[in-house]
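One structure below.
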Amino acid sequence: MNQLVRMMVIVVLLAFALMYGASALNSSQGYSGANTLTIYNWGDYIDPDLIAEFEKESGLKVIYSTFDSNEAMMTKIEQGGTTFDISVPSEYAISKMKEENLLLPIDKSKLPNLKYIDPSYMNLSFDPNNEYSIPYFWGTVGIVYNPELVKGIDFKSWNDLWDPSLRNQILLVDGAREVIGFGLNCLGYSLNDTNEEHLQQAKNKLKELTPNVKAIVGDEIKLLLANEEAAVGVVWSGDAAEIIDENDKLTYVVPEEGSNLWFDNMVIPKTAKNVEGAHKFINFMLDPEHAAQNVEYVGYATPNKKALELLPEDISGDERFYPRKEVTAKLEVYRNLGKKMLAHYNDLFLEFKMHRK
């Protein structure tokens with residue numbers, strides 16, 4: 001028994017020694033709160049060269065983590081086990097994080113490059129006066145398709161997805177708001193609808209789409225569509241731009257019933273350890289040359305009016321991704337529907353996914 005106790009004591013001491021050693025090593029390599037910057041972002045959502053340039057310019061070491069949904073990001077920040085200095089949530093998530101006191105206010109005096117942001121992307125309903133967030137990218141949800149594989153269908157309407165000729169030819173992005181949203185839109189309802197009768201109609205309508213749905217997928221949707229593994233995909237506009245860049249046979253359209261106009265903004269979580277570094281990073285990303293470089297890597301639309309001037313005409317003048325005002329007038333920003341209703345949307349989406357099996 002005494003030998004067992006001694007062994008347990010040795011194991012505990014070794015564990016503490018390893019923890020101390022790792023902490024000391026991290027500190028010696030620059031991995032402490034004051035000289036590191038921990039960023040929590042969507043996957044493949046920044047040019048890695050910009051991170052390297054920021055590290056060189058600022059002297060800070062960037063620790064970069066990714067998430068695949070706003071819900072996953074909010075849960076991790078709420079739990080507080082890992083602290084992040086920067087995150088990039090979407091508009092409805094920003095609204096929710098404000099309500100739950102998860103964000104620090106932005107000190108705009110430390111962001112001289114904020115002057116380059118187009119005023120039409122500032123002071124929006126989810127964050128009046130941009131007290132807690134700064135624009136990063138914006139875009140739409142629509143349909144990317146290969147005209148050669150879908151003869152005679154132009155997808156001007158969401159209802160075109162239900163065409164019987166598209167059996168097993170459609171890929172859907174794995175997002176409850178996106179899928180339930182176009183289900184509501186095709187019936188003439190708002191994608192922020194909370195009317196239970198309308199939501200059930202949308203769910204039943206989506207179930208009728210099942211024969212045409214090949215898969216519901218994440219980031220791999222880009223590769224699958226570019227390789228013509230499916231003819232049609234419901235995607236975010238930036239993903240569509242990347243897909244078309246890989247295979248110019250495809251094109252992208254926002255259906256006439258309307259869709260989502262989304263915004264991803266940079267925020268500073270309340271648990272941030274390097275608030276000063278966070279402001280430096282935000283200002284760095286607002287630099288027009290950096291913003292333009294990021295657009296060319298990521299493919300999404302920039303809110304930075306000076307960066308837009310630096311981009312090639314085939315990017316800045318492409319109305320599929322920088323739509324005219326009459327198009328954006330039909331689009332809706334996701335509202336924060338509250339925990340209970342968001343959970344209901346997720347449940348409806350899960351029912352739809354289970355119906356396919």
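Throughout, numbering of the chain's residues begins at 1 and tracks the sequence. Just so you know, these numbers come straight off a predicted model, no measurement behind them.
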Check your understanding: Would you say W158 and S259 make side-chain contact, with heavy atoms under 4.5 Å?
Key -> yes
**Study point:** Residue pair K56, E53: steps toward the salt bridge (Lys or Arg N to Asp or Glu O under 4.0 Å) verdict
**Key:** CA-CA 5 Å; K56 184 176 180 181; E53 187 174 342; over 6 Å; no
Check your understanding: For K306, does the NZ atom sit with more than 12 other heavy atoms under 6.0 Å from it, leaving out its own atoms?
Key -> no
Check your understanding: Would you call E228 and K249 a salt bridge, using N to O less than 4.0 angstrom?
Key -> yes
Practice item. Report yes if the distance between the aromatic ring centroids of Y300 and Y45 is under 6.0 Å, otherwise no. Key: yes
Practice item. Quickly, which of V232, L250, D160 forms a side chain to side chain contact (heavy atoms under 4.5 Å, CB included) with Y145? Name it, please. Key: V232
Review point. Would you say the side chain of T251 lies within less than 4.5 Å of the side chain of R320, judging by non-hydrogen atoms?
Key: yes
Review point. In a check of side-chain hydrogen bond (donor to acceptor under 3.5 Å, both in side chains) between T140 and each of W236, W262, Y252, which one passes?
Key: Y252
Review point. Is F126 close to N265 at the side-chain level, that is, under 4.5 Å between some pair of heavy atoms?
Key: yes
Review point. What is the minimum heavy-atom distance between I153 and S165, and which atoms define it?
Key: CD1-OG, 3.7 Å
Review point. If you round to the nearest 0.5 Å, how far is CG of N129 from CE of M122?
Key: 9.0 Å
Check your understanding: Hey, are E246 and K222 close enough for a salt bridge, meaning a charged N less than 4.0 Å from a carboxylate O?
Key -> no
Review point. Above 12 or not: heavy atoms from other molecules or residues under 6.0 Å from NZ of K330?
Key: no
